[in-house]
There are 2 protein chains.
Amino acid sequence: MHVDEVDELLSIRAAELYYEENKTQDEIGQALRLTRWKVGRLLAQAKQRGFIRIEILHPRARRLPIERRLREERGLADAIVVSTAGVQSPEELQERTAQAAADYLTAIRPVPRTLGVSWGRTLFEISQHLRSGWATGVNVVQINGGVSLNRRPGTAAATAVGIAQKGGGSATLLPSPAILERLATKEAIESDRVVAAVIELARSADAYLFSAGAADHSSVHVESGYLSPADVDVLVQKGAVGDIVGRYIDSDGNIVDPALDARTVGLTLDELRSAELAVAVIAGSAKHAVADAVVRSGLCSVLVTDEATALHLLNG
Amino acid sequence: MHVDEVDELLSIRAAELYYEENKTQDEIGQALRLTRWKVGRLLAQAKQRGFIRIEILHPRARRLPIERRLREERGLADAIVVSTAGVQSPEELQERTAQAAADYLTAIRPVPRTLGVSWGRTLFEISQHLRSGWATGVNVVQINGGVSLNRRPGTAAATAVGIAQKGGGSATLLPSPAILERLATKEAIESDRVVAAVIELARSADAYLFSAGAADHSSVHVESGYLSPADVDVLVQKGAVGDIVGRYIDSDGNIVDPALDARTVGLTLDELRSAELAVAVIAGSAKHAVADAVVRSGLCSVLVTDEATALHLLNG
DNA sequence: GGCCCCGTTGCTCATGTGAGCAGGATCACC
DNA sequence: GGTGATCCTGCTCACATGAGCAACGGGGCC
C-alpha cells in the first residue's frame, strides 16, 4: 500500500468525521492519531482532489463559479447561471431560469426607462415571475412582430403588458405579424407610420430582453403558424440552430436565409449586437446550440441560463 | 414577499458566496449589507433546512450518520455503510461493499483466532480485497457445505483458503455439498468423523463472516446446481426472501421449508444468532428484503451494506 | 394605551482553522 | 557515503467562526 493511498484513505475518513459528524479537526486528530495540522491538510487535499462536493439545493440557487467563467472566457458583461441540482423536469429548469431572469431584471441599475422585449414561452414566464413594483414607470416595447396567426392570441401582447404593468409603466406593442409572406407586404407594414414609430422606439431602448428558439418543430413560429414544419426542416438543412427575435441563425450567428429574414419584422441582429445591454434568456438542452451561437456571435451582453447549458458553452 | 422568504433567499445567496466563492462571512456581510453574525445565522439556517448537501465522492466513503442510526435503531453492535454517491453499476456497489467488509475484518480487535465463513460471490470478492498480513495466524473454517456440483469448482474453497493465506493461517474446508437430496445422506455425512469435526470447529469460531443470497434464479444455489429455478419459485411462494448460509428464510427470519433445511449442511441459524460476532455483508437492491429479514431477526451483530440498503432498513 | 412576551439583533469571548515558517527526514544523485 | 534538493512535520500567529448573552423592538393581550 503506497503512502499516497494511505493519505487518500485517511483524508476520506477525516472528511467523514468532519462533514458528516461535525467533529473538530482536533477531535479527528485524536481519533485517527494525527496532529490537527495533518488533519487540516488532509481535508484541504480531499477538497482539492475533488472528493468533497458541496451542492446548494434550492430552486433559486446559482452557480457563481460558472458565471465567472462565462464572463471571463466568453466575454459576457454578466452571466446568471441557475443550478440544475435537484431538477426533476425540463419545465422546472425553464421556470428556475425565468425566475432568475426576473430577478436579474429587477436588479438592473439604473432602472431602464425603455425596455425592448421579444415574446414567447420564456418571456411570458418571466413576466409572470416579476413582482409588482419591480420598476417604476418602465416603458416596455416589443422588438419583433408577434400577432399570433392562430392559437394563443395575445400571449405576445400579454407578456409585454404584464412586464409593463408590474413595472408601473405602459407597453408599446408592435402591431405586425412576425414574418410576412411577401417582401412587399413587409416593407409596406414597416413604412406604416405607427409601426415605424414603434420600431424607432425599440431602437432607442436602454435594454433588451429576449429569448431564443430552437430550430425544431416545437418552435413558437410553427405553433403560431408563421412557418410550417417543412419550412423549419429546410432551415435546419441550411444550418439553422435556432432563432432570435424571429430571425434564424446558424452556429456562427449569421442569418441562415436572407430572403426569409427580409420578410421578418423587428429589430435586426446587428441592432441587437450594438446594444448597450442585451439580456438573453436561454434554457434547456434543446437550446444548447442556439445558446452557443448567440454567445459566440455577441448577440447578447448578458446571458441568463441553466448550469447544463452554461457548461456546454464552456466545454463544447 | 414574506420575511421568511427574504431570509431564505438571502441564505441561498450567502451560501453561494460562502461555499462556491470561498468568501468569509464578513465579506459576505459587506456584499449583502448584513452584519457577519446575521450571515453566520443565515448559513446555519441553510444547513439546518437541508439546502446544503455535502457529499464525499470516493469508493471508500462511508455514511457515518446512517451507521449510527442502524446501531441505535436496529440494535446492531456495529454497522458499516458505504456511500452510493457516484456509483455507476451494481457491480461497483458490490465491490465497494466487499472492500468495506475486508477493511472491517482487518480492523477487528482482538484479531479472531478462528473465523467462520460462508461462501459465494460476495465472500469471494472480500477475500480478493483483503491484504496479505491482514491477520496473523487466523484459522478459517467453512460454516456451510459448498462442494460445487457443476460450474466454478473450488470457488468456495478458494475463498476460505484465500482469506486464510492472506491472514497467515490455514483453512479448514467443509467437505460436503451444501444441500443433499436425501435426509439420510445428510445425516450420514454429518456423522462422518471429519465433517463432524469441522462443524464442531465452526461452532467454536470467534467470529463469523457471511453474506446473504436473494431468493431468485440468480442464486448461487441455482448456479451451483443444488436447487432448480422451479425449487426457488416454490420457496418464494412459501415466503422466502433469501438465504443465509444455505438456509432459506422468510421476512421474519424463520426457516421457510424445514424439510429442505434439514437436508442443508452447516451451522444452524440459531447457532449464528447466538454468536458473539456475526458479520453479514449484504449489498444491492435485490437483497433489500433479505437484509431486512437478517437484521430484524438478529441473525447478525454487525452489518456491512450499502447506503440504499441501509436506508431501506431504516425507512421500510 | 400600556404591558409583557418572545424573537431578533449585535455584541464579547472562547474556540476552531488556515497561512506561513523553521527544523528534520527522505531521496536521488554524484 | 556525502550532499543538496525537496517534501513533510509540527509549530506560532492571525484570522474566522460559533456560543452565549444582554438589549432592543414588534405584536398580542388585557
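Proteins come first, then strands; the chains are lettered A, B, ... in the order of their sequence lines, and each starts at number 1. Heavy-atom basis, side chains included; hydrogens, waters and symmetry copies ignored.
Judged by distance alone, the side chains of A:E276 and A:S301 never bring a donor and an acceptor atom under 3.5 Å apart.
Summary for the helix from C:dG1-D:dC30 to C:dC30-D:dG1: the axes at its two ends, each from 5 pairs, differ by 20° when rounded to the nearest 10 degrees.
At distances below 3.5 Å, at least one donor-acceptor pair connects side-chain atoms of A:D206 with backbone N or O atoms of A:R113.
Applying the side chain to side chain donor-acceptor pair (under 3.5 Å) rule to B:Q30 yields no partners; only residues at least two apart in sequence or on another chain are considered. Checked against side chain to side chain contact (heavy atoms under 4.5 Å, CB included), A:V111 has the following partners two or more places apart in sequence or in another chain: A:R109, A:A135. Not counting sequence neighbours, the partners of B:H288 by the ring pair (Phe, Tyr, Trp, His ring centres under 6.0 Å) test are B:H312. Qualifying side chain to side chain contact (heavy atoms under 4.5 Å, CB included) partners for B:L57, counting only residues two or more places apart in sequence or in other chains: A:R53, B:E55, B:A85. Taking the side chain to side chain contact (heavy atoms under 4.5 Å, CB included) definition, one finds that A:S89 meets it with A:E91, A:E92, sequence neighbours left out. Shown here are the ring pair (Phe, Tyr, Trp, His ring centres under 6.0 Å) partners of B:F51, two or more places apart in sequence or in another chain: A:H58. A search for side chain to side chain donor-acceptor pair (under 3.5 Å) contacts involving B:K38 returns B:D7, not counting sequence neighbours.
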Donor-acceptor pairs under 3.5 angstrom involving side-chain atoms of residues 71-80 of chain B: please list them, not counting sequence neighbours.
{"from": "B:E73", "atom 1": "OE2", "to": "B:R69", "atom 2": "NE", "distance (Å)": "3.0"}
{"from": "B:R74", "atom 1": "NH1", "to": "B:L313", "atom 2": "O", "distance (Å)": "2.5"}

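Here the CG atom belonging to A:L17 is positioned 6.0 Å from the CG atom belonging to A:L32, to the nearest 0.5 angstrom.
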Each nucleotide N or O in nucleotides 20-26 of chain C that has a protein N or O under 3.5 Å away: list the pair and distance.
{"from": "C:dG20", "atom 1": "O6", "to": "A:R41", "atom 2": "NH2", "distance (Å)": "3.4"}

If you restrict it to nitrogen or oxygen atoms, what contacts under 3.5 Å exist between nucleotides 15-17 of chain C and the protein, and what is each distance?
{"from": "C:dT17", "atom 1": "OP1", "to": "A:Y18", "atom 2": "OH", "distance (Å)": "2.9"}
{"from": "C:dT17", "atom 1": "OP2", "to": "A:Q25", "atom 2": "N", "distance (Å)": "2.8"}

- Query: Going through the distances and angles, do A:K287 and A:T122 end up as a side-chain contact (heavy atoms from CB on, under 4.5 Å)?
  - Reply: CA-CA 12 Å; A:K287 296 189 178 174; A:T122 303; 4.1 Å; yes
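Scanning DNA chain D 5' to 3' for nucleotides with an atom closer than 4.0 angstrom to a non-hydrogen atom of chain A gives a first and last hit of D:dT9 to D:dT12.
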